[in-house]
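Take a look at the structure set out below.
It should be emphasised that the depicted structure is a prediction, and the values quoted were computed from it without experimental measurement.
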Amino acid sequence: MKNVPGISNTEWLVMKVIWNLGECPASRIIEELAESTEWKPKTVKSLLSRLLKKKAIGYREENRTYIYYPLVTEEQCIRAESQSFLDRVFGGQTNMAIANFIQNSRMSKQQIDELRKLLDEKKE
């Protein structure tokens, strides 16, 4: 897996917009985030700058407007974040993490069956 940068909680919100929209100008990202945050445009531009430095996003210039696009996929970031969480909290022990989640959550019969199927497939 290619090197995926660490992304903060606030940067995740920006990345989600970019992943959903694909290529888009800062104005569109600001507009989308205005619906769920109280961030000023300057805050969003600062987050875009941080994501550029981390090489999570790239940009191209079009008619004096920067068009931003993702350099990493959402799936890559989810995998990296999941592994980081697993290592940090459970010492990398997947079985401990799964056991903890199962013991501390309510699961429907269907969800249990799906989990059992995944575990059976992993066994093969």
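Other residues, nucleotides and ligands place more than 12 heavy atoms under 6.0 Å from the CD atom of E121. Annotation: Q110, atom CD; neighbour count of heavy atoms from other residues, nucleotides and ligands within 6.0 Å does not exceed 12. Counting heavy atoms of neighbouring residues, nucleotides and ligands inside a 6.0 Å radius, atom OH of Y59 does not exceed 12 of them.
Counting all heavy atoms, side chain and backbone alike, I18 lies closest to P70 at CG2-CD, 3.5 Å. Closest non-hydrogen pair, I57 versus M15, comes out as CG2-SD, 3.4 Å. When all heavy atoms of C24 and I29 are compared, the closest pair comes out as SG-CG1, 3.5 Å. Between G58 and L71, the shortest heavy-atom contact is N-CG, 3.5 Å. Taking each heavy atom of Y69 and E23 in turn, the nearest pair found is CB-CG, 3.7 Å. For the residue pair V72 and C77, the shortest heavy atom distance occurs at CG2-SG, 3.5 Å.
Counting only distance, with no hydrogens or angles, the side chain of Q93 and the backbone of F90 share no donor-acceptor pair below 3.5 Å. Of the possible polar contacts, none joining the S84 side chain to the A80 backbone as a donor-acceptor pair under 3.5 Å is found.
A salt bridge does not link E114 with K117: none of the charged nitrogens is closer than 4.0 Å to a carboxylate oxygen.
Looking at heavy atoms from C-beta onward, L48 lies out of side-chain contact with Y66 at the 4.5 angstrom threshold. Two residues are said to be in side-chain contact when any heavy atoms from C-beta on lie closer than 4.5 Å; Y68 and V14 fail this criterion. By the 4.5 Å heavy-atom criterion applied to side chains, I30 and K45 are counted as neighbours. Looking at heavy atoms from C-beta onward, I102 lies in side-chain contact with M107 at the 4.5 angstrom threshold.
Sorted by first and then second residue, the pairs that involve residues 10-21 and meet side-chain hydrogen bond (donor to acceptor under 3.5 Å, both in side chains), not counting sequence neighbours, are S8-T10, S8-E11, E11-R50, E11-K54, K16-E74.
Taking a 4.5 Å side-chain heavy-atom cut-off between Ile, Leu, Val, Met, Phe, Trp and Tyr, the cluster of L118 contains only that residue.
With sequence neighbours left out, the side-chain hydrogen bond (donor to acceptor under 3.5 Å, both in side chains) criterion links R116 to no other residue.
Between the CD1 atom in I98 and the CG atom in L119 there is a gap of 6.0 Å [rounded to 0.5 Å]. Atoms CG and CG, from L115 and D120 in turn, are 9.5 Å apart once rounded to the nearest 0.5 Å. The CG atom of L33 sits 10.5 Å away from atom CZ of R28, with the distance rounded to the nearest 0.5 Å. A distance of 11.5 Å separates CG in L86 from CD in E81, rounded to the nearest 0.5 Å. Here the OG atom belonging to S46 is positioned 13.0 Å from the NZ atom belonging to K40, to the nearest 0.5 angstrom.
Linking Ile, Leu, Val, Met, Phe, Trp and Tyr residues whenever their side-chain heavy atoms come within less than 4.5 Å leaves L52 and I67 in two separate clusters. Residues M96 and F85 fall within the same hydrophobic cluster, defined by Ile, Leu, Val, Met, Phe, Trp and Tyr side chains chained together at heavy-atom separations under 4.5 Å.
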